[in-house]
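Notes for the one structure printed next.
Only this structure's heavy atoms are used, side chains among them; waters, hydrogens and symmetry mates stay out. No experiment lies behind these values; they were computed from the predicted model shown.
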Amino acid sequence: AFVMGAESDPFFQAMKLGAEQEAAAKGVTLVWQGDPAVYSPATQNPILDQVLALKPNGLVLIPTDPTALQAGHDKAIAAGIPVVNVDTHVNDLSKAVSFITGDNADGGAKAADTLAAAIGYKKGKTYKVVVGLTSATATTNVGRLNGFSAQIAKKYPGIKIVDKAYSQSDSAIANTNVNNWLTKYPKLRGIFAIDGTNATGAAAAIQSKGLIGKIALVGYDAYPANVKLVQKKVFAALIAQDPGAEAKQAIDTLLDVWAGKTSGIQKNVVIPNVVISAATTKADLKKYTYVA
């Protein structure tokens, strides 16, 4: 069983495709459950309880909050169900089989470098930027923000993060957040949209205001529509993950558990991220664009 946040998110749709393909290849029955649109522990916890009632042989959990999902995570383990955390994780992973994710801190650092270049950063000048997130606690968001902030502090002291806002994985809320910033900060120079839904909302706001090329936008996740906007230079770049690979490795890890091959299982698996820009080759664009 896979239990994730918002099923409508193209990141999770691409992960589902990877899970379906690997489950079919390995003869595994896949149960895929998540709220249709809302990324929240309030909606995820009841879904997790329903899935655990089915007594699955294994659980892949993508927790929307590291604290709120801990009890359900531990309930599964206490029932003898091996658990793999994917993308995000609970606070205490000591009893989990494995944690598989993209390199979030590195992705945040790459976003900082790309945003600084797009702004035309020069020493001695000050630049205002903002960050759009889905959640204040989801570990992917925290890791990316920490990587972004640390790289700015280290290399670009003139860049000031003047505001942050949260969207609960809703691109319409992200769009509203960006429009509010455009009014509040008339000299805004850059936006880091820390996940795909924030990137979608930010791109719509930038286009509607005629600010393409005037405000540097760096997003996360290679949603097909957003990859096209990279080519149109709405985005300076996107940081792409590999959700299908995360799903595949999670299923393979559970297969090893069921076969008793636990000695070779890695407790922490980090999958590299890739920067997609207008200079990226067509072959790489096809390779890294999320497919649902």
Side-chain angles (χ1 to χ4, degrees), residues 5-6 8-13 35-40 42-43 64 107-108 111-112 114-121 125-138 140-142 144-145 147-149 152 156 158-240 276-278 290:
S8 58
D9 188 323
F11 174 85
F12 291 124
Q13 291 175 10
D35 187 89
V38 178
Y39 188 93
S40 168
T43 54
T64 53
T114 305
L115 191 64
I119 288 171
Y121 180 83
K125 291 191 175 184
T126 301
Y127 307 85
K128 294 180 180 180
V129 304
V130 292
V131 182
L133 308 96
T134 277
S135 162
T137 56
T140 48
N141 283 213
V142 172
R144 293 167 197 168
L145 179 60
F148 181 75
S149 301
I152 283 176
Y156 313 107
I159 294 179
K160 308 298 179 184
I161 302 173
V162 294
D163 214 342
K164 298 185 288 290
Y166 306 95
S167 68
Q168 289 190 312
S169 201
D170 186 327
S171 60
I173 296 174
N175 181 278
T176 298
N177 291 340
V178 173
N179 280 312
N180 289 340
W181 283 328
L182 294 176
T183 300
K184 187 176 181 180
Y185 305 106
K187 294 184 179 180
L188 188 68
R189 293 298 306 277
I191 300 170
F192 177 30
I194 220 161
D195 59 20
T197 49
N198 275 279
T200 297
I206 291 295
Q207 291 176 93
S208 69
K209 299 292 186 181
L211 295 173
I212 298 172
K214 296 178 182 178
I215 294 180
L217 175 60
V218 175
Y220 228 96
D221 291 316
Y223 291 8
N226 288 348
V227 170
K228 291 179 181 179
L229 294 180
V230 170
Q231 295 169 293
K232 295 179 179 179
K233 299 186 178 180
V234 175
F235 289 96
L238 293 172
I239 312 298
I276 292 176
S277 71
Y290 299 172

W181/D163 under side-chain contact (heavy atoms from CB on, under 4.5 Å): CA gap, chis, key distance, verdict: CA-CA 8 Å; W181 283 328; D163 214 342; 3.3 Å; yes
Side chain to side chain donor-acceptor pair (under 3.5 Å) evaluation trace for D9 with Y39: CA-CA 9 Å; D9 188 323; Y39 188 93; over 6 Å; no
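Closest non-hydrogen pair, G201 versus A174, comes out as CA-CB, 4.1 Å. Between T137 and S135 the shortest heavy-atom distance is N-OG, 3.0 Å. Across all non-hydrogen atoms, the minimal contact from S167 to N198 is OG-ND2, 3.0 Å. Minimum heavy-atom separation, Y166 to T134: CB-O, 3.9 Å. Nearest heavy atom pair, residue I276 against residue A222, reads CD1-CB, 3.9 Å. The two atoms that bring S8 and A37 nearest to each other are OG-CA, 3.6 Å, heavy atoms only.
Atoms CG and CD, from N175 and Q207 in turn, are 10.5 Å apart once rounded to the nearest 0.5 Å. Distance check: S169 OG to F12 CZ gives 7.0 Å after rounding to the nearest 0.5 Å. With values rounded to the nearest 0.5 angstrom, N141 atom CG is found 6.0 Å from R144 atom CZ. Here S277 contributes atom OG and I239 contributes atom CD1; the two are 10.0 Å apart, rounded to the nearest 0.5 Å. Between I212 atom CD1 and F235 atom CZ the span is 10.5 Å, to the nearest 0.5 Å. Atom-to-atom distance recorded for L133:CG and T197:OG1 is 10.0 Å, nearest 0.5 angstrom.
The closest side-chain heavy-atom distance from N179 to K209 is below 4.5 Å. Contact of the D35 side chain with the T64 side chain is not registered, since no non-hydrogen atoms from C-beta on lie closer than 4.5 Å. Residues V178 and L182 meet the side-chain proximity criterion, which asks for heavy atoms closer than 4.5 Å.
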Determine all donor-acceptor pairs shorter than 3.5 Å in which one atom belongs to a side chain in residues 226-234; sequence neighbours excluded.
| unit_1 | atom_1 | unit_2 | atom_2 | d |
| --- | --- | --- | --- | --- |
| N226 | ND2 | T200 | OG1 | 3.2 |

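Listed by chain and residue number, nothing satisfies the side-chain hydrogen bond (donor to acceptor under 3.5 Å, both in side chains) test with N177 (two or more places apart in sequence, or in another chain).
Legend: ring-ring contact (aromatic ring centres under 6.0 Å, His included) pairs involving residues 191-229, not counting sequence neighbours, sorted by first then second residue: F148-F192.
Here the rule is side-chain contact (heavy atoms from CB on, under 4.5 Å) with Y121, and of I152, I159, L115 only I159 fits it.
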